[in-house]
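Structure, as C-alpha cells:
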Amino acid sequence: FLGSQAWEWKNFIKGSYGAVQLNDGKIIQFENHVNGFKLVEKISKSLAKEACIMSVDGKLKDLSYEIKKNSTVRIITSKDKEGLEVLRHDTAHILAMAVQELFSGTQVTIGPVIEDGFYYDFLRQEPFTEDDLEKIENRMKEIIDRDEKTTREVWKRNDAISHFKKIGEHYKSEIIKDIPKEEEVSIYHHGKWHDLCRGPHLPSTGKIGKAFKLTKVSGAYWRGDSNNEMLQRIYGTCWANQKDLDNYLKRLEEAEKRDHRKLGKEMDLFHFREESPGAVFWHSKGWNLFLKLIQYMRAKQKQEGYQEINTPELLDKSLWEKSGHWEKFGEHMFTSTTPDKKIFAIKPMNCPGCVQIFNQGLKSYRDLPLKMSEFGKVHRYEPSGALHGLLRVRAFTQDDAHIFCTEEQITQQCLSVTNLILEIYKDLGFENIILKFSDRPKIRVGEDKIWDKSEAALLEAIKASKLEYSVSSGEGAFYGPKIDFILRDAIERDWQCGTLQVDLNLPGRLNATYIGEDGQKKTPVMLHRALFGSLERFAGILIEHYAGHLPFWLSPLQIVIATITSDSDNYADDIFQQLRNKGLRVEKDVRNEKIGYKIREHSTAKIPVIMVIGKKEAENKTVSVRRLGSEKTETFKIDEILKVLFRESLPPNSKEQS
C-alpha cells in the first residue's frame with residue numbers, strides 16, 4: 001500500500017496518531033484528525049490557494065471534511081475534471097441564489113452539472129428575458145465578491161421536508177422524499193442562502209472566480225414529464241480561467257455558424273414538420289447527399305465481403321419479447337394493433353430481423369464468418385423536447401451489420417471491423433478518433449470464459465489501431481463488451497458514432513445455430529457493427545464539420561453553370577450535357593439576373609464550383625471557374641476541366657481515381 005515504504009501501513013500508526021498517503025506516495029502524519037484545509041497547508045501554500053475539494057479513499061469530500069483514520073488522499077484543483085465539475089456545480093448554486101435575491105417568490109428545483117457547464121430549473125410566472133440574464137450574471141459576480149462562506153449540515157429527513165414546505169420550496173421537499181433512506185440529507189449554506197445538495201462544494205463563493213457566462217433560457221418539464229409543470233431552465237458555462245471561457249465562447253459562436261439546420265435551409269437539403277416530428281423531409285439535394293453516403297458505404301462493404309439484406313419494418317410483438325427488446329426497450333417503440341388484435345412494433349433496431357435471415361437454411365462452420373449489412377429504417381420514441389434537427393430524430397437509417405462467427409474468429413473479425421471503420425472516417429475527413437472500451441457489467445449473460453475471449457479480442461483491436469482510448473469499467477452491454485468510436489470534429493467537439501459490440505446473448509435467444517466441425521449444433525457469436533450509426537445524424541455531423549463546404553465528391557450539387565447573358569444559353573446547354581454525361585451533379589442558372597447576384601446566391605448555397613459563361617467563353621470554347629471560398633476565377637478549356645472535376649468526383653481510394 002505504501003509503495004516504496006518499507007513498513008506495513010497498519011504498523012505505521014501508534015497511539016493517537018494517524019496518517020495520510022498522497023498520490024506521490026508521501027506520508028503526512030497527524031494527531032487525532034485533520035481536515036483538508038490543514039492538510040493542503042502542510043503540503044504547500046500554492047496548493048492551498050488552488051485546492052477545490054479532495055478525494056478521501058476514493059470518495060469526493062469538501063476540504064472541511066475531518067479525516068479521522070488512515071487514508072489515501074488526492075487534492076483536487078480546477079485543473080482536474082472533478083475540480084472543474086465542482087466549480088460548475090457551485091456556479092449553478094450561485095445562479096439560483098442570485099435569481100432568488102433578484103426575483104422573490106421564484107422556486108428552485110434542480111441544478112446539475114452538464115457537459116461544458118450547468119443549468120438550473122426554476123418555477124416563475126414571468127419568463128426570463130435576455131436583460132434578466134445580464135442582471136443575474138451581475139448579481140452572481142457580486143455574490144462571488146462577497147466571498148460567502150460555504151458550510152454543510154446534515155438534517156433529519158422529516159425536518160428537511162417540513163422546512164422546505166414552510167418556505168414554499170415544494171419541489172425540494174418532493175426531492176427529499178425520493179432520497180433513499182440510507183442516504184444522508186445534506187444541506188449546503190452559501191452565507192444565509194441554502195440548498196439541498198449531495199456536494200461536495202468549494203470552501204466559499206469567492207473561490208468560483210468569474211470565468212462563467214449564462215448562455216440561454218429554455219423550457220423544461222419538471223422531471224422531464226410533459227404531464228408536469230413547465231419550468232424555465234437557465235443554462236450557463238463555467239471554466240477554470242478566462243482564457244478557457246473565451247475559447248469556449250468562440251467555439252459556440254463557430255458552432256452557431258455551422259448549425260446544420262441553418263445550413264440545411266441555405267443549401268436546400270431538408271426540413272422538418274410538426275405533422276411528423278423527428279422525421280426528415282429530404283429535398284432532392286439532401287437526398288443526393290444521403291444516397292451518396294450509402295453508395296460509398298455499400299462499395300466499401302462489398303470489398304469486405306458483406307452481403308446486403310433488408311428486413312421488414314413491422315414485426316410481431318412476440319419476436320421482440322423473445323429477443324428481450326420488449327422488456328428493456330418497449331416504452332421507446334411505436335406499436336400498432338391490427339383488427340385481429342395482433343400487436344406489431346415498428347422496429348427500433350435491425351438485429352432480430354437479421355437473425356431470422358441467418359436462421360433460414362442450415363449453416364456450417366465453413367459458412368462463417370457470415371457478414372450481413374443492412375441500411376434499415378428504424379423508429380424510436382424521443383421526447384419532443386429532445387429532438388434536434390438531424391442530430392436527434394425519431395426515424396432514422398442505421399448502417400447496421402451483423403457478423404456471425406465462431407469464438408475463434410472473434411479477434412480477427414474485431415480487427416477487420418476496426419480497420420474498416422477507421423479507414424472510412426479518414427476518407428470522410430475525420431482523423432482525430434478516440435476509442436472507448438466498455439467491459440463486462442455486474443449483471444450479464446454468457447460464460448466468463450467467453451467474456452474473457454471477447455474482451456481480449458476487442459482490446460487487441462483497439463491496441464492495433466494505436467489510437468488513444470479510455471476504459472469504462474462495467475459499462476458494457478449486458479450481452480457483451482463493446483468499443484465506441486468517437487469522432488472529434490473541426491471545432492473540437494466529440495461525437496460518438498460507430499460501435500462494435502460482441503453479443504453472447506441474442507443468437508441463443510433466437511435459436512441461431514450452425515454445425516461445428518464435430519457435427520454438433522453450436523451457437524454463433526454475433527458482432528453488432530455500425531459505422532455511421534444513424535445516417536441522418538452523420539449527415540448533420542458532416543455538414544457542421546465542413547461548415548457546409550462538403551468535399552466535391554460528396555456535394556449534393558457539385559456545379560452550377562451561370563450565364564452572363566442569354567447569348568451564351570446554347571453554349572451553356574452544351575457544357576451542361578457534357579458534365580452530366582460524366583456523371584457530375586450539375587444545374588444551369590440562365591435567369592435574367594446579374595452575374596454577381598448569381599455568384600453570391602450559389603456561394604451561400606455552398607456550391608463547390610460555379611462555371612461562369614459569357615459571350616467570350618462561348619466564342620473561345622472555354623469556361624471561367626470559380627471555386628467555393630476563393631475570389632479567384634480561372635479559365636479552362638472544357639476537356640481540361642472535365643478531367644479535373646471527374647477525378648475529384650470519385651470517392652477516396654477509388655480504383656478509377658488512382
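This structure is a prediction, so every number in the text was calculated from the model and none was measured.
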TODO: With side-chain contact (heavy atoms from CB on, under 4.5 Å) as the test, would you mind laying out the steps for Arg298 and Leu293 before giving the verdict?
DONE: CA-CA 8 Å; Arg298 186 170 277 144; Leu293 285 170; over 6 Å; no
- [ ] Decide yes or no on side chain to side chain donor-acceptor pair (under 3.5 Å) for Asn432 and Tyr425, but give the supporting numbers first.
- [x] CA-CA 9 Å; Asn432 196 345; Tyr425 289 163; over 6 Å; no
TODO: Let me see the working for Arg251 and Glu492 under side-chain contact (heavy atoms from CB on, under 4.5 Å), right down to the final yes or no.
DONE: CA-CA 8 Å; Arg251 290 202 303 274; Glu492 300 294 308; 4.3 Å; yes
- [ ] Test Glu82 against Lys61 for salt bridge (Lys or Arg N to Asp or Glu O under 4.0 Å), laying out the working first.
- [x] CA-CA 11 Å; Glu82 303 98 325; Lys61 300 290 183 182; over 6 Å; no
Open item on the list: With salt bridge (Lys or Arg N to Asp or Glu O under 4.0 Å) as the criterion, how do Lys347 and Glu313 come out once you've worked through the C-alpha distance, each side chain's angles and the decisive distance to 0.1 Å?
Closed with: CA-CA 5 Å; Lys347 64 178 178 181; Glu313 290 187 29; over 6 Å; no
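Within a 6.0 Å sphere centred on CD of Glu274, other residues, nucleotides and ligands contribute 12 heavy atoms or fewer. Applying the 6.0 Å contact sphere to CD of Glu275 captures more than 12 heavy atoms from other residues, nucleotides or ligands.
Looking only at side-chain heavy atoms (C-beta outward), His528 and His402 come within less than 4.5 Å of each other. When side chains are defined from C-beta on, Gln398 does not count as touching Phe532, because their heavy atoms never get closer than 4.5 Å. Between Leu487 and Phe430 the shortest side-chain heavy-atom distance falls below 4.5 Å. Residues Leu60 and Ile76 meet the side-chain proximity criterion, which asks for heavy atoms closer than 4.5 Å. With contacts defined as side-chain heavy-atom distances shorter than 4.5 Å, the pair Ile541/Ile543 does not qualify. Residues Leu510 and Gln356 are in side-chain contact: their nearest non-hydrogen atoms beyond the backbone lie under 4.5 Å apart. At least one side-chain heavy atom of Pro277 sits less than 4.5 Å from a side-chain heavy atom of Leu387.
In the model, Gln301 has a side-chain atom that pairs as donor or acceptor with a side-chain atom of Ser373 under 3.5 Å. For Thr311 and Glu374, the side-chain atoms include at least one donor-acceptor pair closer than 3.5 Å. The closest side-chain donor-acceptor pair between Glu327 and Trp320, if any, does not fall under 3.5 angstrom. Between Tyr171 and Asp121, the side chains place no donor N or O within less than 3.5 Å of an acceptor N or O (distance only, hydrogens not considered).
Screening residues 71-90 for ring pair (Phe, Tyr, Trp, His ring centres under 6.0 Å), with sequence neighbours left out, gives His89-His93, His89-His201. Within the structure, side-chain hydrogen bond (donor to acceptor under 3.5 Å, both in side chains) pairs that include any residue of residues 457-481 comprise Tyr479-Gln501 (at least two apart or interchain). Contacts classified as side-chain hydrogen bond (donor to acceptor under 3.5 Å, both in side chains) and involving residues 375-387 (residues at least two apart or in different chains) are given here: Glu382-Arg392.
When the salt bridge (charged side-chain N to carboxylate O under 4.0 Å, His left out) test is applied to Glu183, the partners found at least two apart in sequence or on another chain are Arg198. Scanning for ring pair (Phe, Tyr, Trp, His ring centres under 6.0 Å) contacts around Phe375 gives an empty result, with sequence neighbours left out. Phe334 meets the ring pair (Phe, Tyr, Trp, His ring centres under 6.0 Å) test with no other residue; sequence neighbours excluded. Partners of Glu447 by salt bridge (charged side-chain N to carboxylate O under 4.0 Å, His left out), not counting sequence neighbours, listed by chain and number: Lys449. Considering only residues two or more places apart in sequence or on other chains, Asp484 meets the salt bridge (charged side-chain N to carboxylate O under 4.0 Å, His left out) condition with Lys482. The side-chain contact (heavy atoms from CB on, under 4.5 Å) test applied to Ala547 returns Arg258, not counting sequence neighbours. Annotation: salt bridge (charged side-chain N to carboxylate O under 4.0 Å, His left out) contacts of Arg493 (sequence neighbours excluded): Asp489, Glu544. Looking at residues two or more places apart in sequence or on another chain, you find a side-chain contact (heavy atoms from CB on, under 4.5 Å) between Asp225 and Asn227, Asn228.
A donor-acceptor distance shorter than 3.5 angstrom exists from the side chain of Arg157 to the backbone of Ile176, with no hydrogens or angles considered. Between the side chain of Thr337 and the backbone N or O of Lys341, no donor-acceptor pair lies under 3.5 Å. One N or O on the side chain of Asp80 and one on the backbone of Thr77 form a donor-acceptor pair closer than 3.5 Å. A donor-acceptor pair under 3.5 Å is formed between the side chain of His545 and the backbone N or O of Gly429. In terms of modelled atom types and a separation under 3.5 Å, the side chain of Asp399 and the main chain of Leu531 share a donor-acceptor contact. With hydrogens and angles disregarded, no donor-acceptor distance shorter than 3.5 Å links the side chain of Asp62 to the backbone of Met54. Within the 3.5 Å criterion, the main-chain N or O of Gly83 finds no donor-acceptor partner in the side chain of Ser78. The backbone N or O of Glu304 sits less than 3.5 Å from a side-chain atom of Lys371, completing a donor-acceptor pair. Thr237 places a side-chain N or O within 3.5 Å of a backbone atom of Asp116 that can act as its donor or acceptor partner. Checking side-chain atoms of Arg537 against main-chain N and O of Ser534 turns up no donor-acceptor pair under 3.5 Å.
Rounding to the nearest 0.5 angstrom, the gap separating the CD1 atom in Ile346 from the OG atom in Ser336 is 7.5 Å.
Considering all non-hydrogen atoms of both residues, Phe538 and Cys497 come closest at CD1-SG, 4.1 Å. A pairwise comparison of heavy atoms in Leu269 and Pro556 identifies CD2-CG, 3.8 Å as the closest pair.
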Contacts under 3.5 angstrom, residues 512-526 side chains, donor-acceptor by atom type, not counting sequence neighbours:
residue : atom : partner : partner atom : Å
Asp518  : OD1  : Gln520  : N            : 2.9
Asp518  : OD2  : Lys522  : NZ           : 3.3

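In this structure, Arg233 forms a cation-pi arrangement with Tyr119, its terminal cationic atom sitting closer than 6.0 Å to the ring centre and no more than 45° off the ring axis. Stacking of Lys300 on the aromatic ring of Tyr306 is not recorded, the 6.0 Å distance cut-off and the 45° axial limit not both being met.
Screening Ser416, Cys414, Pro369 against Ile403 for a side-chain contact (heavy atoms from CB on, under 4.5 Å) leaves a single residue, Pro369. Among Asp367, Ile309, Leu370, the single residue meeting the side-chain contact (heavy atoms from CB on, under 4.5 Å) criterion with Phe358 is Leu370.
In this structure, the ring of Trp287 has its center no less than 6.0 angstrom from the ring center of Phe270.
With respect to Asp503 and Arg509, no salt bridge is recorded, no charged nitrogen being found less than 4.0 Å from a carboxylate O. Ion pairing of Asp340 with Lys342 is absent here, as no side-chain N (NZ or NE/NH1/NH2) approaches a carboxylate O to less than 4.0 Å. In this structure, Asp452 pairs ionically with Arg440, as a charged nitrogen and a carboxylate oxygen lie closer than 4.0 Å.
Using the six-membered ring where Trp is involved, His260 and His388 have ring planes that are perpendicular, over 60° apart on the 30 and 60° scheme.
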